[in-house]
Amino acid sequence: MSSGNEESWWTEQRNRRSQQCRNATCTCHIEGTLEPDLALALAKRNRVALRWTSIDELKAQYEFEDLQSFLDLYYALMKTLKTKDDFKDLMVAYLTRANADGVKHTEVFFDPQVHVCTNGLDFNTVLDGLLEGMAIGRERFGITGGLILSIVRDMDIDSANMILDLAQPRKNEILGIGLDSAEVGYPPDRFVDQFERARSFGWHCVAHAGEEGPAAYIRDALDLLHAERIDHGIHIQDDHELLERVVRDGVPLTCCPLSNLRLQVVHDMRKHPIPEFLHEGLMCTINSDDPAYFGGYAAANYAALADIGMSMEELAALAKNSVDASFASDSRKTQLTEELLAWRAQHGI
Ligand SMILES: [Zn+2]
């Protein structure tokens with residue numbers, strides 16, 4: 001294939017993929033959008049010594065073999081983020097990719113405990129940079145959204161409390177609270193006080209549960225943390241009574257197929273339960289988790305499901321779920337739904 005043909009093939013693939021997730025909303029971790037080229041540029045800009053100096057050397061590290069090698073790289077590269085502009089640039093780079101994928105609204109997790117308690121940054125530096133990046137995304141691409149302050153569940157609980165103290169004066173600039181990182185051994189019942197406090201701030205509550213942990217963590221996230229949305233939740237397949245309850249109550253699950261494959265939560269994409277979940281009436285949505293590390297952004301996740309045989313109609317239903325499951329304003333949801341319907345009509349889906 002000549003390079004011109006190759007380029008048009010890629011453009012076609014890109015267009016096909018962005019069509020599949022047209023008008024979707026998406027969640028991800030902003031730290032998980034740090035691509036190797038930006039990480040190297042930040043390391044140079046901030047004089048942070050990394051073990052990897054060339055782009056090829058660093059890119060090779062993204063082929064990690066297990067959760068630990070992923071986390072080692074993830075935390076090492078987070079040290080390259082130092083200034084407000086770094087966080088702004090990271091957000092703008094992410095929103096540029098989200099826009100190319102057809103994403104219209106995004107609710108982005110950030111992990112201030114790592115930036116502040118481990119890496120010694122000022123909380124306001126982190127928040128200001130991310131918010132500035134989101135404002136640029138709104139102006140440049142029309143992407144709406146907000147930030148979800150995520151508790152890193154395997155860090156000291158005092159650091160979570162300290163972050164909530166720092167966030168309180170700026171509670172109106174943050175959309176919600178989340179719970180992420182290593183799940184097993186850190187069940188939801190440890191975080192009841194922090195989620196209660198977040199609710200007193202007027203924040204939405206979401207939690208990673210049932211990703212590597214058991215279905216019982218999903219139940220506890222609902223009952224004890226009052227989570228409005230469950231991130232991942234894939235192990236709900238092990239508890240049919242809970243699944244029926246979640247269907248009945250219309251609790252959304254933010255599924256991340258490529259992440260599940262990379263972290264071996266599923267071993268074969270063809271066996272991913274999303275088609276079955278959708279059939280059972282679960283409100284699943286498609287998201288990218290840590291897209292720089294797990295093989296792609298929103299559109300790549302939709303494409304992975306198309307590749308296992310999900311129809312455009314099913315993918316459009318997932319996009320519609322993502323609008324309904326988001327914390328966008330009612331008027332924004334109506335607008336996104338109308339755009340999605342118009343797109344479906346135009347393509348006969
Ligand atoms: Zn996640």
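Both ligands and their constituent atoms are indexed starting at 1 by order of listing.
By the 6.0 Å and 45° rule, R170 does not stack over the aromatic ring of F123. Figure legend: cation-pi geometry between R229 and F327, with NZ or CZ positioned under 6.0 Å from the six-membered ring centre and within 45° of its axis.
The N, O or S atom of H29 with the smallest distance to the Zn ion (ligand 1) is NE2. D289 contributes OD1 as its N, O or S atom closest to the Zn ion (ligand 1).
With hydrogens and angles left out, the side-chain atoms of E107 and T27 include no donor and acceptor closer than 3.5 Å.
Between the Zn ion (ligand 1) and H232 there is no N/O/S contact shorter than 2.8 Å.
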For salt bridge (Lys or Arg N to Asp or Glu O under 4.0 Å), just list the numbers for D289 and R262, CA-CA rounded to whole Å, side-chain angles, deciding distance to a tenth of an Å, and then say yes or no. CA-CA 11 Å; D289 211 12; R262 285 303 288 276; over 6 Å; no

